[in-house]
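Everything on this sheet refers to the single structure shown next.
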Amino acid sequence: IFRGEGYETVWAGKWHLPESYPQRSAAKSKHKMIQGFDVLPFWNSEKEHWILGAETDRPLTESVVNFIKNYDKSKPLFLAVSYHNPHDICFHPRKNGWVSKDDSLLEIRFFGFDYKLPDPIGIHPDELENLPPLPENHSIALNEPEFITDKRLRHNTYGLETMLANKYSDKEWKSYLYSYYRLTEMVDIEIGKLLKAIEDSGFNKNTIILFTSDHGDGASAHKWAAKLSLYEESVNVPFIMVYPGHIDPGLVDDTNLVSLADIVPTMCDYAGISTEIPFAGKSLRPLLEKETESIRDYLITELADYKPDTTRIGFMVLSEKFKFTVFSHGKNNRQFFDLASDPGEMNNLAADSSYNQLIRKHEEFLKNWQMQRDFVTHVQ
């Protein structure tokens with residue numbers, strides 16, 4: 001869309017559709033390009049393994065900063081910078097899980113090549129005295145769906161870390177949190193360098209900056225150490241926009257329902273680009289410029305948690321105060337939370353008859369959403 005409007009469109013960093021990096025060595029990477037983007041070179045293409053953000057994020061910043069510094073400004077620029085960390089928190093349970101000689105074969109099966117995984121942050125947190133506290137919702141919620149329990153206990157391929165973390169002690173959970181926070185700090189440093197380069201170049205005066213992420217991690221809530229759930233720690237992501245003179249820098253909105261699907265229509269709106277594409281998302285500009293107080297009554301999130309079984313799916317219906325989830329497999333497959341009084345999602349109200357009317361309302365939201373998309377589902 002933006003390239004068609006005369007923009008220089010550049011992608012830098014992780015892609016993951018399907019491969020993590022399109023510029024890996026010729027022998028390793030099947031996909032050399034990204035449709036609609038020029039791919040910015042940023043690392044040694046002959047380096048065999050592109051695994052850790054601790055290895056790739058710093059040279060990515062160096063390349064992007066250099067690109068911004070030398071950009072000739074003859075064309076408007078759409079630049080996507082995709083950092084790796086803190087995604088490598090997924091390696092914390094996996095690394096801890098490889099404790100015996102036989103278990104070490106797992107890394108070969110999982111990654112498809114023989115690679116000794118280093119510590120993602122270069123220090124083993126278990127050796128430290130001061131570790132972060134566990135969250136208040138660290139315990140597993142009452143009446144948790146069998147769908148989620150099954151994930152914890154049996155899935156030893158996609159989402160492996162949920163099974164490996166299942167036997168964590170409290171100290172191991174704190175160690176995991178320590179690693180998560182350090183990985184976040186590491187990428188925060190790189191983002192700071194990038195923002196300074198934008199400011200030094202003078203681009204900051206007429207540039208929209210949007211920061212977000214594809215998913216969260218369990219963060220030890222509900223004793224969960226992965227994405228692949230519909231709990232808030234996994235599905236709730238940062239969404240930060242900066243546009244001097246247009247967006248109030250003090251504006252914080254923690255009530256409106258915002259989706260990653262809103263990114264493209266929002267960016268098109270601010271860029272003055274008109275398109276007939278029927279976006280699933282909506283422009284956030286009316287919210288950001290305070291022209292309206294709300295853009296939707298509910299939001300849907302889909303979950304496919306296990307690649308070997310594509311019938312395993314779940315849906316989340318989020319409204320202003322409540323959250324309804326339903327899963328395709330297992331007993332007790334529904335959850336209903338009052339997020340206003342129970343933000344930690346510890347009290348499942350799905351079986352409480354006093355909430356039947358509200359639950360039916362959220363079921364209707366889901367049904368309407370599916371009908372609009374001719375969605376075929378196994379979820380009842």
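FYI, side chains are in, hydrogens and waters are out, and symmetry mates aren't considered; it's all heavy atoms of this structure. In this chain, numbering begins with 1 at the start of the sequence shown. Model, not experiment: these values are computed from the prediction.
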Are any side-chain N or O atoms of [X] and backbone N or O atoms of [Y], one a donor and one an acceptor, separated by less than 3.5 Å?
X: Lys282; Y: Ile295; answer: yes
X: Lys323; Y: Leu230; answer: yes
X: His84; Y: Leu52; answer: no

Ion pair present between Asp214 and Lys14, side-chain N to carboxylate O less than 4.0 angstrom?
-> no
Can we say Arg360 and Glu363 salt-bridge, meaning some charged N sits less than 4.0 Å from an Asp/Glu carboxylate O?
-> no
Distance from Trp224 atom CH2 to Asn166 atom CG, nearest 0.5 Å?
-> 9.5 Å
Just by distance, with hydrogens left out, do Thr61 and Tyr83 show a side-chain donor and acceptor under 3.5 Å apart?
-> yes
Will you find, in the side chains of Glu190 and Asn85, an N or O donor that is under 3.5 Å from an N or O acceptor?
-> no
Checking side-chain contact (heavy atoms from CB on, under 4.5 Å) for the pair Ile89/Ser179: CA distance, chi angles, key distance, verdict?
-> CA-CA 7 Å; Ile89 188 57; Ser179 295; 3.8 Å; yes
Please state whether the rings of [X] and [Y] are parallel, tilted or perpendicular, taking 30° and 60° as the class boundaries.
X: Phe2; Y: Phe78; result: tilted
X: Phe322; Y: Tyr355; result: perpendicular
X: His362; Y: Phe324; result: tilted
X: Tyr168; Y: His92; result: perpendicular
X: Tyr180; Y: Tyr176; result: tilted

Report yes if some heavy atom in the side chain of Tyr71 is under 4.5 Å from a heavy atom in the side chain of Ser201; otherwise report no.
-> no
